[in-house]
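A short write-up of the structure that comes next.
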Amino acid sequence: MDYSFKAIEAKWRKLWQERNTYKVTEDPNKPKFYVLDMFPYPSGAGLHVGHPLGYIASDIYARYKRLKGFNVLHPMGYDSFGLPAEQYAIQTGQHPAITTKENINRYRQQLDLMGFSFDWSREVRTSDPSYYKWTQWIFKQLFNAYYDTSANKARDIKTLVAQFEKEGNLYTTALHDCEQQFDASAWNAFTTRQKEEVLQQYRMAYLAESWVNWCPALGTVLANDEIVNGVSERGGHPVEQKQMMQWSMRIKAYAERLLEGLERIDWTDALKEQQRNWIGKSKGASVHFGVKNSSSQIEVFTTRPDTIFGVSFMVLAPEHPLVNEISSADQATTIQAYQQQAALKTERDRQADVKNITGAFTGAYAIHPFTGEEIPIWIGDYVLASYGTGAVMAVPCGDQRDYDFAKHFGLPIPNIFADQDISESAFAEKEGVIANSDFLNGLDIKSATERVIAEMEKNGIGQGKTNYRLRDAVFSRQRYWGEPFPVYYKDGVPMLVDDTQLPVTLPEVDAYLPTENGEPPLARAPKSAWSCQLGDRMEYNTMPGWAGSSWYFLRYMDPYNDKAFADPEKLAYWKQVDLYIGGSEHATGHLLYARFWTKVLFDLGFISFDEPFSKLINQGMILGKSAIAFIGPDQKMYSSDMLPTNKEGFREVRILVDLLNDDDSIQLDALKTWQPQFTNQEFVSNAQGKVIVKREVDKMSKRWYNVVTPDDLCEKYGADTLRMYEMFLGPLEQSKPWDTKGITGVHSFLKKYWRLFHSKGTFKVLDNEPTPEALKSLHKTIKKLTDDLDRFSFNTGVSSFMICVNELTEQKCNNRLILEQLTILMAPYAPHICEEIWSLIHPEASSIFNESYPIFNPAFLQESTFDYPVSFNGKMRFKLSLDLSLTATEVEAVVLSKPETQKWLEGKSPKKVIVVHGKIVNIVL
RNA sequence: GCGGAUGUGGUGAAAUUGGUAGACACGCCAGACUUAGGAUCUGGUGCCGAGAGGUGUGCGGGUUCGAGUCCCUCCAUCCGCACCA
């Protein structure tokens, strides 16, 4: 009987579904294990071979853990709100829900082909009202929370309100943006609206006028992580800075804990560094500078307070609120011109224009807090309004940007470093001795920093401060296809929709575009279209893409619960995700936000853990190999080995990779029917009559015509072959180009495995006594496989199976015990074929995945002899089989007595002989 | 500029604590079987060399009896961040 993978795979897909093989329920008698994939956004393009890479790895691991006796939660779902469906809706008028559903069906079909062990009964979709009901509910918890810096946790806003009623905000330890101070009687005298305006400055989810990244082409704001190189991540449209009233999340409150938590989780250093970098902690001091002839003060943040005596000017961001107030009359025009010019520049222009130094003098002077000297105040767009305080004390001798600014505008550059030459550039090293600095003279940087901060704190000039680059996350989007907020407005005051009225479902609209007044699409919905109609109006913004994905891993634990986002007992059973697999592109988006929400839910007592993903692996990207053909000036297509040296007038065209033969030659007839432009194409073929293309590695994408789909490969080789081949390609974390050629090796391996059980076309295993060789092959494989899986080395696992099958074939082994255990070992990698084999051995069994994993027995690997490699000066020359009972001294004696050794000694006597028992012999000449 | 990762045959790669470099595959070469084969099987295959042998893990140094692995300098590629005070 041949290995008819198609029939086998179809059969088991059906039976697994019928038998609910992968359904899992909480079982207190078993240890749990939670294996999660980053759920996909179901795009219209479907899956290519790169997408399932991580799913295959997680599936293998989930099945392995299950065979090891764990109760494994391994769910899948869809991150189904998002821009592409909405853009498509704008173009076609088709409701995004319909497109999304179609795409999900297509994804599901493709995923099913691969034989994953997902418990589909737990599927979640973020765009499903029964799901986003709880996204809205969590938003409400965030709205009703503030951050208490003394307890270092989020708390119910009621606690804060009670405090305000008792003593105002004079002694509060809550984190806030509130500049107003009030006592209890003042608070109690506030109107509802005034109270809410104050509370907004404390809430974890808050409404505020803030600088946002506005993308005019998409008609919405974007979070920082949604912008790549100054343009939108989706679509690549330009982004500008704009002040708008927006919902935000006070993620800054968690900066330190997000940093600290990284110490406790098993993620790669690369990813942790990316998050650390994004959070951007820097220690320094906040210093207040008085302004001449003004009561205003300028607060600056500096990481180098030790250089305070080197300050020769100050620079404010053009948008700094004090600029207009302090500018002198004669400079006002210049300043305004500069401000306008800066405002016109997009973030991208500013970035592109780093070398171009610009700025303007305000005409005002600051007073140096220690020397009392007058310091000119400038504005310049190299100072960012959104970082620190939007103002810097410029120390040109110690900072290159300040140095360049000073040179450009002819400002003084006093040197405060002993023995440092600053005639060419600033001295920015973190080691040195301070000079010309009054009480800091002679101190090194570290002690000077401590000393000056102490002095500042004593005189009330400033204090030590830690600053973070992380900014609060903008949470509203002016889009249709997202979660509506559970918020309405009454007299301009935002109010929460009551839990009983959740979910606030997405209302139908007549178009998925902003209104004429520039309001978000939801403003188009008539009152009657809303699931609830409260106050003067509902909130028209929707939540960003990361809202639903920040907590979905919790919903899998209890996806149908309509009383809570998940049952506390189930949450307590499954806890964190033990293994999370997905791409590294989410480093500063999803992975940060999910950690943030988890910490808030933890603080508020809803869950018992404050990190969502205890181990995370980033799978590498599978790249495509594009096919490039050359069209000559004569419009003929040249085989790449027929190109003239002078390629002038030649152009390159990309050809669909499906049109290639294995030797990279084009199937010419297929090409002619592929696109009309090639219908009458003429060719310059090579000596073999072929037209060969050049292969180039690109991202796998439709636009490069280099997409390889899992469907085609499943059809041709079967899912088991594809699964194993994807693992065999190389280490999971590594990016690598896809090359279908090698797949035949894995496919013939599976056939070879199949043949172990079949002699002369019939299935046959024997109950004889296993041979020591077979036991050795098996147990070597058990050990290797377990080690490999424990370190997520899936590629070497596949090799081990090949070695084992090669050895057993060599030994003509068809012993039942050996082959059974091998089959269980292989089942996580190749579930269909192994399940089929298992059913042939055990017709009564419902699934191989109810068996238990083989146990390694070192006794079978014990050897009595060892082939010692004998090296001379570290270079291996020959091998010598010796009894392992020989001691090192005995080994040395035997080795030295051998004629082989004498030959390599060339009459010399060895200086030294090193014998490592059971490892190596090295003779030093 | 800062941070991270990676450099090993024609190709994908392996070598887990310093101990036989290139496992396992693809490809290629030779052969067997075959009407045929994109089937199956056998043997070979880092490079130089007829051979003995030499040489070899991005470059250059170092530590060691012994280095792909540890240390230092440099180079290249990829990724992330970036006028962050």
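Chain letters run A, B, ... following the sequence lines, proteins first and then strands; every chain starts at 1.
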Most 5' of A:Val392 and A:Asn873 on RNA chain B, judged by nearest nucleotide: A:Asn873
Residue closer to the 5' end of RNA chain B, A:Phe301 versus A:Arg877 (nearest nucleotide): A:Arg877
Conformer about C1'-N of B:G9 - syn within 90° of 0, anti elsewhere: syn
Below 4.0 Å: OP1/OP2 of B:G53 and any side-chain N or O of A:Lys903: yes
Atom NZ of A:Lys776: over 12 foreign heavy atoms under 6.0 Å: no
Rounded interatomic separation in angstrom, taking CD from A:Glu585 and P from B:C78: 19 Å
Those residues that, when tested against A:Asp787, pass side chain to side chain contact (heavy atoms under 4.5 Å, CB included) (two or more places apart): A:Lys783
Between B:G27 (C1') and A:Arg695 (CZ): distance, integer Å: 15 Å
Sugar-phosphate only, base, or nothing, as touched by A:Trp267 at under 4.0 Å among non-hydrogen atoms: nothing
Rounded distance (Å) that lies between atom P of B:G54 and atom CZ of A:Phe872: 12 Å
Partners passing salt bridge (Lys or Arg N to Asp or Glu O under 4.0 Å) against A:Glu892 (at least two apart in sequence or in another chain): none
Same-atom distance (P) from B:G10 to B:U6, integer angstrom: 23 Å
Nearest-angstrom distance, C1' atom, B:A25 to B:G62: 37 Å
Selection from B:G3, B:G80, B:C26 that lies nearest to any side-chain heavy atom of A:Glu273: B:G3
Ring-ring centroid check A:Phe5 A:Tyr717, cutoff 6.0 Å: no
Atom-to-atom span, CZ of A:Arg469 to P of B:C83 - whole angstrom: 9 Å
Sugar-phosphate, base or nothing in reach of A:Asp399, heavy atoms under 4.0 Å: nothing
Integer-rounded Å distance: B:A5 C1' and A:Ile617 CD1: 16 Å
Span that lies between the C1' atom of B:A67 and that of B:A21, in whole angstrom: 11 Å
Pairs meeting criterion side chain to side chain donor-acceptor pair (under 3.5 Å) with involvement of residues 736-746 of chain A, two or more places apart: A:Trp738-A:Thr740
Nearest-Å distance for atom pair CG/P, residues A:Asp664 and B:G27: 13 Å
Touch class at under 4.0 angstrom, heavy-atom based, for A:Lys716 against every strand present: base
C1' spacing across the pair B:U42 / B:U35, given as an integer number of angstrom: 23 Å
Rounded interatomic separation in angstrom, taking CZ from A:Arg304 and P from B:A85: 11 Å
Short side-chain N/O contact to B:U40 OP1/OP2 from A:Lys751, under 4.0 Å: yes
Distance, P atom - from B:U11 to B:C2, rounded to whole angstrom: 33 Å
Interatomic distance at C1', B:G7 relative to B:U57, whole Å: 9 Å
Range-with-range stems of RNA chain B (Watson-Crick or G-U pairs under 3.5 Å, three or more in a row): B:1-7 with B:75-81, B:10-12 with B:24-26, B:27-32 with B:40-45, B:46-48 with B:53-55, B:60-62 with B:70-72
Atom pair distance, as rounded to whole Å: CZ in A:Phe5 and C1' in B:A39: 14 Å
P spacing across the pair B:U17 / B:A85, given as an integer number of angstrom: 38 Å
Footprint string (nucleotides 8-25 of chain B, 5' to 3'): B base within contact, S backbone only, - free, heavy atoms under 4.0 Å: ----BSSSB--BB--BBS
Over 12 non-hydrogen atoms of neighbours within 6.0 angstrom of NZ in A:Lys699: no
Presence of salt bridge, A:Lys780 and A:Glu807, under 4.0 angstrom: yes
B:A39 OP1/OP2 closer than 4.0 Å to side-chain N/O of A:Arg755: no
Results of side chain to side chain contact (heavy atoms under 4.5 Å, CB included) for A:Ser584 - residues two or more places apart only: A:Leu271, A:Asn618
Minimal non-hydrogen separation, A:Leu470 against A:Lys252, with atom names: O-CG, 3.2 Å
Near-ring test A:Phe309/A:His368, centroid separation under 6.0 angstrom: yes
Ring centre gap for A:Phe405 and A:Phe313 strictly below 6.0 Å: yes
Span that lies between the P atom of B:C78 and that of B:U73, in whole angstrom: 23 Å
